[in-house]
Number of protein chains: 2
Amino acid sequence: MPPSEKTRLPGQDALRDSVLGGDLVFLLARANALMLAAANAALAEHGLKARSYSVLALAADGARPTQRELAEFLRLDPSQIVALVDGLEKRQLIERRTDPADRRANVLVATDAGRALFARAQESARAVELGLLATVTPEEHERLADLLRLLAFPDWAVSDSRTGQRSRGTARSARHLG
Amino acid sequence: MPPSEKTRLPGQDALRDSVLGGDLVFLLARANALMLAAANAALAEHGLKARSYSVLALAADGARPTQRELAEFLRLDPSQIVALVDGLEKRQLIERRTDPADRRANVLVATDAGRALFARAQESARAVELGLLATVTPEEHERLADLLRLLAFPDWAVSDSRTGQRSRGTARSARHLG
DNA sequence: ACAAATAATTGACTTTTTCAACGGTACGTG
DNA sequence: CACGTACCGTTGAAAAAGTCAATTATTTGT
C-alpha cells in the first residue's frame, strides 16, 4: 500500500464535508494557494515567480501595457508594480518606454531575451497547469476557465449590453490551451 | 468582433485577451483576490475576516479539529493558527480543549456565542457569494464548486482508486447552499 | 494660464509569510 | 521500563507582501 495512506488524517474528511466545503471563497483560496505554490516552484527554475511571470507575459504579449494598467489587471498596488518592473528591467528582460501619447506613463515591452525566457517559462507554467488538472477532461478544464473568467472580470459580461447576451463560452475560449 | 466601449481603458481588453487570459493560475488568483476582498468587507461587520471566519466555521461545525488539522486544511503555517485561535478565544467565541486522546493537541470547539455569531456571519458570507455569482445560473454555480473542489483537494478523487471512478458531482454537492 | 487630475515613484508603516527553535507529549524498539 | 524519535502547539525573528500618504512630472479641462 502507498505511504500516502499513513499521512491521511482522520479529521480531514470531516473538515472537507463541513460548511466550508461548500464555501466558494474558501475553495477559491485553497485552490489558489495550491496552484500558486506549484506555479512558483515550477517558475523558480527560470528565476521567476507567478507575479514576475505575469508581468513578463503581458510585456511579451505586445499589448504594451502601462504600469497602471498592469496594477489594475493584476490587482496590485502601483508601488508593487514598480518593484516588479525594476527586477525584470535589471535583468534586461523588459524595458520601460515613456508612452509617447502620455509622457507620464511607462509602457512595458519585453526584450528579445525577455520573450525567449517567457517562451520557456510558459512551457513550465502550462505543464504545471495540465498536471494539476490531469483528473479533469479538457471540456471541464475549459468550463472552469470560463467560469473563473466570470468571477475574475465581473463587469466584462455586461460590456456589450446592447444585446443583453453574454458571449462567453466555447467560442471565446476554444482559442486557448487547445 | 465586439466594439470596445469608450468608458473602458483601451488596454484592458487587450490584456484580458492576452496569454494570461487563459492562464488558470492567474484567473484563480484574480478571482480569489476579488472574492476575498468582498468577503472581508462583508465579514468586517462581525469583527471577522475570511481567515477567522473559516476557523470559527470549523469550530462551530462540531468536527472538533485540532490546530494542526486546521493548519493543513486552511493551508496556513501552524503558527498562524495560534494567532487566529488566540483572537477568537479572547473574544470567547471558541475554546481550546486538550484532546483527551492526545494531550499534545488542542481540539477547538465553538462556544454558544461563537455559534451564534457564526450563524449571523454565515448569512453575510452567503449573501456575498450569491451576489458575486449573480450572473451565473445555480447549475453553473454548483459546477464551479465541484471543479474547484477537484483543484482544492487533489488527492481526494483518487482515494477510492480501486474502482478508478470519481464520485464527484451533483449527488455530493446538492447538499450545500440549497 | 491656471486648477484639478493622473502616472510613477518613494518612504513609512502594518500585515502576512516563512522558518528555526523549544517544551511537552506520544510511540516504537530494544 | 528506558530511550530515541517524531509530533503538537507555541514563540520569536526575519523576509516578503500589502497599504497608504506625499512628491514630481505631466496631462486635461476651463
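Quick caveat: nothing in here was measured; it's all calculated off a predicted structure. When reading the values below, keep in mind they use all heavy atoms of this one structure, side chains included, and skip hydrogens, waters and symmetry mates. Throughout, protein chains are lettered first and strands after them, A, B, ... in sequence-line order, and every chain is numbered starting at 1.
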Once you round it to whole Å, what is the distance between [atom2] of [N] and [atom1] of [X]?
X	N	atom1	atom2	value
A:Asp77	D:dA22	CG	P	15 Å
A:Leu36	C:dT17	CG	P	11 Å
B:Arg68	D:dA6	CZ	C1'	11 Å
A:Lys49	D:dG18	NZ	C1'	14 Å
A:Leu74	D:dG18	CG	C1'	15 Å
B:Asp99	C:dC27	CG	P	11 Å
A:Asp102	D:dG29	CG	P	12 Å
A:Ile94	C:dA8	CD1	P	12 Å

* To do: Tell me, please, whether A:Phe153 has B:Arg16 positioned over its six-membered ring: NZ or CZ under 6.0 Å from the ring centre and within 45 degrees of its axis?
  => yes
* Does D:dT26 have OP1 or OP2 sitting under 4.0 Å from an N or O in the side chain of A:Arg103? -> yes
* Using a cut-off of 4.0 Å on non-hydrogen atoms, how would the nucleic acid contact of A:Arg75 be classed: base, sugar-phosphate, or nothing? -> nothing
So which nucleotide from [options] ends up closest to the side chain of [X]?
X	options	answer
B:Arg51	D:dC8, C:dT17, D:dT27	C:dT17
A:Gln67	D:dT26, C:dA26, C:dA8	C:dA8
A:Arg96	C:dT17, C:dA8, C:dT10	C:dA8
B:Leu76	C:dT17, D:dG9, D:dT26	C:dT17
B:Asn106	C:dT6, C:dT16, D:dG9	D:dG9
B:Arg104	C:dT25, C:dT9, D:dG9	C:dT25

* Short side-chain to backbone donor-acceptor contact, A:Arg149 and B:Gly21, under 3.5 Å -> yes
* Asked: Is the ring centre of B:Phe118 less than 6.0 Å from the ring centre of B:Tyr53?
  -> yes
* Contact nearer the 5' end of DNA chain D, comparing A:Gln80 with B:Pro78 ->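 Nearest nucleotide further toward 5': that of B:Pro78.
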* If every non-hydrogen atom of B:Ser124 is compared with every non-hydrogen atom of B:His46, which pair is closest and at what distance? ->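 Where B:Ser124 meets B:His46 most closely, the heavy atoms are OG-CE1, 2.7 Å.
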* If you pin B:Ala101 and A:Thr66 to their nearest nucleotides in DNA chain C, which one's is more 5'? -> A:Thr66
* Cationic N near anionic O, under 4.0 Å, A:Arg143 to A:Asp146 -> no
* To do: Would you state whether a donor and an acceptor, one from the side chain of A:Ser79 and one from the base of D:dC20, lie under 3.5 Å apart?
  =>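 Under the 3.5 Å cut-off, the side chain and the base do form a donor-acceptor pair.
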